[in-house]
Protein chains: 2
Amino acid sequence: MFSKACEYAIRAVVYIASETDETKKVGIQEICDHIEAPQHFTAKILQTLSRKHIVNSQKGVNGGFFLDSVQKKKSLKNIVEAVDGDQVFVGCGLGLKQCSETKPCPIHNQFKDIRNRLTKMMESTTIDALAIRLLKGESVLMQTK
Amino acid sequence: MFSKACEYAIRAVVYIASETDETKKVGIQEICDHIEAPQHFTAKILQTLSRKHIVNSQKGVNGGFFLDSVQKKKSLKNIVEAVDGDQVFVGCGLGLKQCSETKPCPIHNQFKDIRNRLTKMMESTTIDALAIRLLKGESVLMQTK
DNA sequence: TTAATAAAAGACAAAATTGTCCTTAATTAA
DNA sequence: TTAATTAAGGACAATTTTGTCTTTTATTAA
């Protein structure tokens, strides 16, 4: 469904949201320790997200990544689009470039419904909602406890 | 969502279903011409599907690929599982190996719903239903007209 | 039996994705 | 101002996916 990069991105952002605000940051090492993701690869992904203002970063002593209150209100869809693009939300299920209502692929209508539901789900799920549940211990980000 | 291999697989199988039966076959060249897929790559995929009895194949003069009436009644889910495996139907949205009801990832429930709907959709969509619509001109398999 | 045909199979090659390592730039505490 | 710290950035490597080409095997029509 999503690329590895996108999976790491969502996990990293939710973790950052759960641990930071305008006054408190976390470093890449701590992030990756808590989401079990490759450090340098994840750092690259967070660079992208930082450039797109989905996360904030600060270099130097006491630097790190953080999300402010505005960023925490954003939806998961923003993260996915920043990392994987929008094909998962709008693309044809069979990879046809010109799939449309007038020239539909064989599964056009069925697939459109799934895609639209996925889109709505990702739009209506906010980063902070997930961060709060994580803090309550109602969800996990690591493969192994 | 699906790999390129899986997209080609579905397109190829629907085309084969629309053109063949126990008495009539199509060759790999004709298949690929009609679904705009790379010939040798698609041939490999069809070998896999043939080994898994999702399509039939016959070597030699007047050989080719075909689907019998039993195979045409199968669902798309079989094709996807044969090519991409079952992760798209059962895997965690964030790539956690140990995501479960008791240790859910942050989007576990929302994602499970999407996954289940996708599964049902692919289970309830049969190859012959798509082949029939294709024959009626109600859907297309090519990128360009 | 032979020649033609068509899928199977294997060897590669290209491209994309994933992952690692090292250097650079920015920041701050001392 | 200096040293320590931390993200940014670039180069590169490994792996996976996608795609191509050639040879082999099976089948059948002549």
Checklist entry - Going by atom types alone, do A/T119 and A/N116 pair a side-chain donor with an acceptor below 3.5 Å? => result no
Checklist entry - For DNA chain D, what residues of residues 19-28 of chain B have any heavy atom nearer than 4.0 Å? => result none
Checklist entry - Shortest non-hydrogen contact from B/V140 to A/P106? => result O-CD, 3.2 Å
Checklist outcome for this item: residues 36-75 of chain B vs ring-ring contact (aromatic ring centres under 6.0 Å, His included), sequence neighbours excluded, gives B/Y8-B/F41
Item to check | 5' to 3' contact window, DNA chain C with chain B (heavy-atom distance under 4.0 Å) | outcome: C/dA4 to C/dA11
Next on the checklist: Distance check, rounded to the nearest 0.5 Å: B/I127 atom CD1 versus B/L134 atom CG?
Outcome noted: 13.0 Å
Item to check | From A/I45 atom CD1 to A/R11 atom CZ, the distance as rounded to the nearest 0.5 Å | outcome: 10.0 Å
Next on the checklist: Tell me which pairs pass salt bridge (Lys or Arg N to Asp or Glu O under 4.0 Å) where either residue lies in residues 65-78 of chain B, with sequence neighbours left out.
Outcome noted: B/K73-B/D128, B/K77-B/E81, B/K77-B/E123
Item to check | Selection: residues 9-17 of chain A, any non-hydrogen atom under 4.0 Å of DNA chain C | outcome: none
Item to check | All side-chain contact (heavy atoms from CB on, under 4.5 Å) counterparts of A/L135, not counting sequence neighbours | outcome: A/S18, A/E19
Checklist entry - Looking at five pairs on each end of the helix from C/dT1-D/dA30 to C/dA30-D/dT1, what is the angle between the two axes, given to 10 degrees? => result 0°
Checklist entry - Nearest 0.5 Å, what's the CG-CE distance between A/N109 and B/M121? => result 10.5 Å
Checklist entry - Between SG of B/C99 and CG of B/L94, what distance do you get to the nearest 0.5 Å? => result 7.5 Å
Checklist entry - Under 4.5 Å between side-chain heavy atoms, hopping through other hydrophobics if needed: is there a path connecting B/I132 to B/I16? => result no
Checklist entry - Got a sec, which residues hit side-chain contact (heavy atoms from CB on, under 4.5 Å) with B/Q39, two or more places apart in sequence or on another chain? => result B/I28, B/Q29, B/C32
Checklist entry - Are B/I10 and B/V26 grouped together when hydrophobic residues (ILVMFWY) are joined by side-chain heavy atoms under 4.5 angstrom apart? => result yes
Item to check | Residues from residues 50-59 of chain A lying under 4.0 Å of DNA chain D - heavy atoms | outcome: A/S50, A/R51, A/S57, A/Q58, A/K59
Next on the checklist: With rounding to the nearest 0.5 angstrom, report the NZ to CD distance, A/K112 to A/Q110.
Outcome noted: 10.5 Å
Item to check | Distance in angstrom units between B/N62 CG and D/dA26 C1', rounded | outcome: 14 Å
Checklist entry - Residues two or more places apart in sequence or in another chain: which of them pass side-chain contact (heavy atoms from CB on, under 4.5 Å) with B/V90? => result B/D86, B/Q87
Checklist outcome for this item: A/H34 meets the side-chain contact (heavy atoms from CB on, under 4.5 Å) criterion, sequence neighbours left out, with A/Y15, A/E30
Checklist entry - More than 12 foreign heavy atoms under 6.0 Å from NZ of B/K24: is that the case here? => result yes
Checklist outcome for this item: Interatomic distance, CZ@A/R133 vs CD1@B/I107, rounded to 0.5 Å, equals 11.5 Å
Checklist entry - Between A/G60 and A/F2, who's closer to the 5' end of DNA chain C by nearest nucleotide? => result A/F2
What pairs of nitrogen or oxygen atoms, one from the protein and one from nucleotides 19-21 of chain D, lie under 3.5 Å apart?
residue, atom, partner, partner atom, Å
D/dG19, OP1, B/Y8, OH, 3.3
D/dG19, OP2, B/Y8, OH, 2.9
D/dT20, O4, B/K44, NZ, 3.2

